[in-house]
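Beneath this line is the structure, given in structure tokens, with notes to follow.
A note on names: the letters A, B, ... follow the listed sequences, proteins ahead of strands, and every chain is numbered from 1.
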Amino acid sequence: MSTHRLSFTLNGTKHELEVAADRLLIEVIRDDCGATGTKLGCAVGVCGACSVLVDGELLSACLLPAVFADGRRITTVEGLAKNDLTPLQDAFIREGGFQCGICTPGQLIAATALLSEQPRPDHEAIRTWMMGNLCRCTGYYGIERAIQKASGVGGQSPPNRL
Amino acid sequence: MTGVAERSASILDQPEYRVEGRDKVTGAARYAADVVMPGMLQAAYVTSPYAHARIVSIDVSAARALPGVRAVITGADTKPGRLGRRLQDWPILCWDRVLFIGDRVAAIAADTAAIADEAARLVEVEYEELPAVLDADAALAAGAPVLHPDAANYAFLGGTRAQRSHPNVQGQALHEHGDVEAGFRTSHKVYEHTFTLPRTHQAYIEPRATLVWLDGETVRVVTTNKAPFALRQHMSVALGVPEPRIVVDAGHIGGDFGGKGLSIDEFVLYHLARATGRPVRALTRYADDLQATNTRHAATITLRTGVDAEGRILAHTSRVLFDGGAYAAGKPVITLMPGDAMLTLAGYRVPAARVEATTVYTNQVPAGHARAPGQPQNAFAAESHIDLIARDLAIDPLEFRERNIVRHGDVDVTGKPWHGTDGPALLARLRTASRYGPSLARPNQVNWWGWGVALGVRHVGRGRASMVLRTLAGGRVELRTGVSDQGGGAHTLFQRIVAAELSIPLDRVAVSRGTTDAVLSDPGVGGSRVTPVQGSAALDAARKLNAKLAELGRSIDDASEIEVTGEAAQETHEASTYAYALRVTIDRETGSLKIDDATLVADVGKVINPVALRGQLEGGFIFGLGQAVMEELRVEDGRVVTANLGDYKLPTIADAPPLRIELITDHPGPGPFGAKSVGELANPAVGAAVANAVQDACGARVMSLPVTAEKIWAELPK
Ligand code: FES
Ligand code: FES
């Protein structure tokens with residue numbers, strides 16, 4: 001198997017590695033770089049748990065050959081918060097945007113990409129964009145509330161006594 | 001209790017903020033697959049391609065010779081080890097026969113996963129195929145192959161296994177109360193219907209991950225199992241290692257839904273770790289999780305019910321047959337059936353009933369527990385059956401339920417008097433909240449839209465738990481628990497309970513989880529147990545701390561080094577009820593259905609975590625909706641053919657219809673401050689609500705799940 005020299009930026013940090021041609025980006029991010037925030041779910045490009053931004057583009061790291069990352073800028077969930085949480089991260093906590101949290105890195109990455117394209121997405125826009133990110137826990141309502149809240153459009157915490 | 005509720009009110013009115021929230025939104029939360037150890041090896045398995053076969057020979061020499069392979073073991077090395085939650089009938093590795101496609105016959109530990117996989121391909125196994133039992137009825141036929149001839153030698157944890165009527169029975173039970181024959185004799189009409197339910201998968205997004213290593217005499221386990229103390233016991237019995245020498249670390253779990261109470265990797269990894277002297281990890285591929293772990297039981301359910309001229313239920317019998325697959329190992333219940341196997345007409349007044357349920361062995365993927373085990377099957381059958389009866393009697397289905405819903409002191413299908421939810425009040429709320437429109441006002445007319453109602457009942461969890469609360473400097477306290485976090489929000493729940501009871505700000509209560517050697521024994525997450533049982537232990541700890549402070553005459557601000565143990569034994573049999581009204585539209589060209597609007601009314605008792613509670617109900621609804629309209633683990637000749645998440649369809653955000661939730665909170669439950677449980681409250685009844693709405697909309701009655709466009713189309717009245 002041929003190996004390739006690879007250099008990319010992960011959440012602002014430069015990485016240079018030697019990788020076999022068949023290695024996937026998710027493996028390199030998690031195993032070689034130790035950034036385990038990005039999760040492996042279905043491994044076939046369906047669930048979105050492995051969503052990352054490559055030069056700002058939303059992609060599934062479980063399908064991408066690692067060599068694809070050469071010379072690019074990758075953002076994962078670890079790269080979202082600077083010191084404070086982003087409004088989207090905070091809204092995910094307050095609005096019930098996650099339960100078990102396994103899909104959350106991917107949901108946050110996908111929603112970050114959505115908000116950078118459409119700062120005020122409506123209900124249909126959120127549904128269309130977020131369809132590629134499965135969540136088995138929340139039923140998606142909390143995720144939508146969180147995205148709305150972060151976009152300043154809506155989101156309402158449930159009152160304590162409904 | 002009133003005093004407590006008042007004292008706690010202001011704390012419980014604080015916004016809920018998950019204690020693990022920051023970790024989960026920054027990627028810092030540690031899941032089992034994120035843990036690595038120096039020198040760690042990766043495992044792979046050789047699995048059976050046959051549903052039933054005898055192993056003639058295994059040749060591992062080529063696999064052993066592959067560079068980077070550190071150990072190859074077979075059933076000869078693990079024999080007679082078997083694993084399981086109650087009955088240990090699942091071989092760690094098979095040594096003489098394989099019982100389903102995916103059963104393991106050899107295991108490899110290698111430097112990398114790729115090498116381990118390559119070695120698995122090099123193992124040569126010769127099989128002699130045997131006749132397979134592929135459906136539940138065939139399992140009980142006279143002359144059916146006996147799948148577990150050595151059952152008498154299997155370990156059975158905590159009790160004795162009941163007698164069985166046939167060697168292929170995993171478990172069976174019979175319940176009877178009242179005079180059933182007299183009830184049918186005096187009935188105005190008697191109805192009988194049969195329903196079928198497919199296998200489904202829990203479909204947590206996180207596949208299983210397990211890491212095992214030996215640390216001197218101690219076996220260390222990092223796992224996705226949601227009940228670490230129970231796992232420790234299962235391992236101890238199966239491996240012959242004393243419990244104190246096994247330490248289980250189960251941190252954040254990426255979804256459970258009942259499936260992760262069964263572990264199958266820890267046992268073989270222990271043998272691989274011993275063989276290699278190195279840590280060994282198994283990361284389950286999603287495809288393998290779908291094909292070879294434990295599914296929800298497929299079932300065939302026949303219900304027979306007699307009613308009087310006003311549509312009141314007089315007598316009921318039922319026969320439930322569950323396909324348990326190759327092993328019963330996934331079921332923790334002493335009857336070796338899915339938890340609520342017997343609840344075939346839950347929520348109604350049933351003066352006389354005979355309920356028979358049986359779970360059998362087949363050569364299919366094993367079945368275990370899945371969110372509200374047994375209930376989605378029984379609720380689909382019962383709530384479809386009720387609707388069919390109502391329609392035949394020309395009584396509005398909601399009104400039929402109002403006439404029959406169990407009231408305080410009535411006997412329900414269990415034969416016990418009811419003390420749960422005020423059913424009539426619940427249905428009244430449903431009627432107004434959903435703006436339910438009487439459907440039979442338009443008989444013989446197809447509108448292509450309609451209403452479906454369904455009712456569900458779930459017990460409030462029972463059991464025992466304990467945890468330690470200690471004071472820290474600065475008026476802070478720390479609660480130490482063995483409860484792992486599977487997403488339900490347990491740690492935040494404990495924080496809010498303790499803060500409320502101690503009347504201190506939330507941020508002064510830290511909740512920490514410990515491994516099995518570091519905290520008190522805990523029954524794990526499941527059985528609708530966390531809020532009423534572990535929550536009550538947290539409350540008890542806070543109460544004891546208050547009492548101790550009072551006794552010492554100290555305030556929490558100057559009380560360091562005080563430690564108390566909170567304990568709870570929640571044995572109250574209580575149930576809570578919920579109901580749906582759905583409005584659907586059917587596409588008259590394709591038969592496809594769209595849910596226009598859904599209303600859920602649920603009796604939840606006191607709300608402690610408002611965000612998590614709503615999330616459980618919303619998530620439960622969509623979980624139920626997936627199983628209602630799209631999910632089916634399809635099996636052909638014993639082989640799972642929906643073997644990835646592209647083929648095994650789950651709901652996406654675009655499938656989530658408008659959902660209105662109304663809570664009933666004025667009927668206190670046995671949990672802290674009057675709380676009940678909600679994690680398994682919302683999912684079971686969705687299937688019937690959909691099927692009922694479909695019939696109302698277009699006349700098509702679908703008698704099986706999922707309710708697909710093809711089935712609706714096929715059942716349209718011609
Ligand atoms: S893990 Fe990549 S899409 Fe599911
Ligand atoms: S939070 Fe568990 S899968 Fe989304």
Handout entry: Between B/L625, B/L659, B/D23, B/D655, the one whose heavy-atom pairs under 4.5 Å with chain A are most numerous
Key = B/L659
Practice task
Would you check if the side chain of A/R94 reaches a backbone N or O of B/P15 as a donor-acceptor pair within less than 3.5 Å?
Solution key: no
Handout entry: Test item: A/R136 side-chain N/O and B/Q202 main-chain N/O as donor-acceptor pair under 3.5 Å
Key = yes
Fill in the blank from the handout: Between the CD atom in B/E16 and the CD1 atom in A/I93, the distance rounded to the nearest 0.5 Å is 11.5 Å
Handout entry: B/I205 versus chain A, the contacting section by heavy-atom distance below 4.5 Å
Key = both
Exercise for the section: Can you tell which part of B/R30 gets under 4.5 Å to a heavy atom of chain A, answering side chain, backbone, both or neither? Expected result: neither
Completion exercise
Cut-off 4.5 Å, heavy atoms of chain B, and the answer for A/L88 is neither
Practice task
Evaluate the side-chain proximity of A/V77 to B/T26: yes if any heavy-atom separation is below 4.5 Å, no if none is.
Solution key: no
Handout entry: Heavy atoms from other residues, nucleotides or ligands near CE of A/M131 exceed 12 (cutoff 6.0 Å)
Key = no
Problem - Region of B/A209 in contact with chain A, defined by heavy-atom distances below 4.5 Å - result: neither
Fill in the blank from the handout: In this structure, OG1 of A/T138 is separated from CD1 of B/I653 (nearest 0.5 Å) by 8.0 Å
Completion exercise
When the 4.5 angstrom heavy-atom criterion is applied to B/A654 and chain A, the contacting part is both
Handout entry: Which portion of A/A49 sits near chain B, non-hydrogen atoms under 4.5 angstrom
Key = side chain
Handout entry: Most contacts with chain B, counted as non-hydrogen pairs under 4.5 angstrom, among A/P105, A/G139, A/C100
Key = A/C100
Problem - Engaged part of A/V46 at the chain B interface, taking heavy atoms whose separation is under 4.5 Å - result: side chain
Problem - Exceeds 12 heavy-atom contacts within 6.0 angstrom, atom CZ of B/R285 - result: no
Exercise for the section: Let me see the working for A/R145 and B/E618 under salt bridge (Lys or Arg N to Asp or Glu O under 4.0 Å), right down to the final yes or no. Expected result: CA-CA 12 Å; A/R145 281 194 295 273; B/E618 291 171 340; 2.8 Å; yes
Problem - A/L134 side, atom CG; B/T652 side, atom OG1 - distance, nearest 0.5 Å - result: 7.5 Å
Exercise for the section: With the side chain counted from C-beta on, respond yes when A/I102 and B/H252 share a heavy-atom pair under 4.5 Å apart, and no when they do not. Expected result: no
Practice task
Would you name the heavy atoms of A/Q89 and B/V25 that are closest together and state the gap between them?
Solution key: NE2-O, 2.7 Å
Completion exercise
The interface call for A/C42 against chain B, heavy-atom contacts under 4.5 Å, is both
Exercise for the section: Cation-pi check, B/R614 to A/Y141: give yes when NZ or CZ is under 6.0 Å from the six-membered ring centre and within 45° of the ring axis, no otherwise. Expected result: no
Problem - B/N644, part contacting chain A, at a heavy-atom distance under 4.5 Å - result: side chain
Handout entry: B/F257 side chain near A/C137 side chain, heavy-atom distance below 4.5 Å
Key = yes
Problem - Main-chain N/O of B/P651 paired to A/Y140 side chain as donor or acceptor, under 3.5 Å - result: yes
Problem - Lys/Arg N to Asp/Glu carboxylate O, B/R18 vs A/E95, below 4.0 Å - result: no
Exercise for the section: Quick one: pull up CG in A/L40 and OH in B/Y286 and give me the separation to the nearest 0.5 Å. Expected result: 11.0 Å
Exercise for the section: Give a yes or no on whether the backbone of A/T104 and the side-chain of B/K24 come within a donor-acceptor separation of less than 3.5 Å. Expected result: no
Handout entry: Best-contacting candidate, A/C135, A/A35, A/G101, A/G37, against chain B by heavy atom pairs under 4.5 angstrom
Key = A/G101
Problem - Reported CZ-to-CZ distance for the pair B/R22 and A/F92, which is rounded to 0.5 angstrom - result: 16.0 Å
Problem - Distance-only donor-acceptor check, side chains A/Q99 and B/Q616, under 3.5 Å - result: yes
